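Input: a single structure, listed below in structure tokens.
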Amino acid sequence: MAINLQKGQRENINAPKFTIGLGWDVNNTSTGGAFDLDASLFLLGDNKRLVSDNHFIFYNNLESPDKAVIHSGDNLTGDGDGDDEQIKIDLTKIDAAVKEISVVVTIHDADTRRQNFGQVRNSFIRIFNTDTNEEILKYELDEDFSIETAVEFGRVYNRNGEWKFEAVGSGQREGLEKFVSMYQ
Ligand SMILES: [Ca+2]
Ligand SMILES: [Ca+2]
């Protein structure tokens with residue numbers, strides 16, 4: 001049985017190979033045009049900065065240098081139930097310098113398209129065991145983000161050798177560039 005987390009809650013992951021699944025639906029009637037959400041991961045060291053520029057995983061850089069983190073690629077519509085984008089993580093391969101992984105979802109071209117998370121529904125982040133497909137935890141973002149264009153869904157972090165997940169659910173009126181400069 002998967003554990004359903006509330007905002008701020010933390011839980012052990014207890015699987016060396018796991019997959020992060022992210023899902024969302026877009027209210028197309030209110031937006032008209034194309035609406036593209038993107039999941040990005042920031043692999044951070046003890047200093048809360050990117051271990052290197054190549055440790056920023058997104059649609060144009062789908063794999064970490066150690067191949068421990070692999071992004072499934074860019075989903076352009078969010079159509080359908082289930083995961084819209086997935087990231088596979090293999091802790092047995094991960095660079096020891098990586099202590100935290102921040103999972104951020106942003107709206108592509110939000111400013112030009114005048115879009116925000118108020119037009120997004122059914123957002124969730126879940127973690128399942130890659131080998132067995134067993135769902136370990138899930139966090140449904142039930143908050144109403146009305147003006148935000150970026151949301152940190154969660155973070156995976158190492159404490160004393162143990163990997164945990166925190167349900168963050170923190171929205172910001174920023175684009176992806178702001179996160180990159182913050183973590184560089
Ligand atoms: Ca996308
Ligand atoms: Ca969807």
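Because the structure is a prediction, the values reported are computed rather than measured. Remember, it's 1-based here, ligands and their atoms both numbered in the order they're listed.
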task: Answer yes or no as to whether an N/O/S atom of D81 is found below 3.0 Å from the Ca ion (ligand 2).
output: no
message: Counting only heavy atoms from other residues, nucleotides and ligands, does the tally under 6.0 Å from NZ of K164 exceed 12?
response: yes
- request: Give the ring-plane orientation class for F42 versus F56, where under 30° counts as parallel, over 60° as perpendicular and anything between as tilted.
  value: parallel
- request: Using distance alone, with no hydrogens and no angle criterion, decide if D66 and S64 have a side-chain donor and acceptor under 3.5 Å apart.
  value: yes
- prompt: With a 4.5 Å heavy-atom cut-off, do L137 and Y139 have their side chains touching?
  reply: no
- prompt: What are the two closest non-hydrogen atoms of I136 and A15, and how far apart are they?
  reply: CD1-CB, 3.8 Å
- request: Validate the cation-pi geometry between R155 and Y157: distance from NZ or CZ to the six-membered ring centre under 6.0 Å, angle to the ring axis within 45°.
  value: yes
field: Metal proximity, G80 vs the Ca ion (ligand 2), N/O/S cut-off 3.0 Å
entry: yes
- prompt: Short check: any N/O/S atom of Y59 below 3.0 Å from the Ca ion (ligand 1)?
  reply: no
- prompt: Of all the N, O or S atoms in D84, which one sits nearest to the Ca ion (ligand 2)?
  reply: OD2
query: Is there side-chain contact between N75 and D38, with heavy atoms separated by less than 4.5 Å?
result: no
- prompt: If you look at D36, which of its N/O/S atoms is nearest to the Ca ion (ligand 1)?
  reply: OD1
- prompt: Do any of the N/O/S atoms of V26, backbone or side chain, fall under 3.0 Å from the Ca ion (ligand 2)?
  reply: no
- request: Just give me the atom name: the N, O or S atom of D25 closest to the Ca ion (ligand 2).
  value: OD1
message: Using a distance threshold of 3.0 Å, state whether an N, O or S atom of G78 lies below it from the Ca ion (ligand 2).
response: yes
query: How wide is the angle at the Ca ion (ligand 1) between OD1 in D38 and O in N75, to the nearest 10°?
result: 160°
query: What angle, in degrees and rounded to 10°, do you get at the Ca ion (ligand 1) when you join it to O of L37 and to OE2 of E85?
result: 80°
task: Give a yes or no on whether D79 keeps an N, O or S atom under 3.0 Å from the Ca ion (ligand 2).
output: no
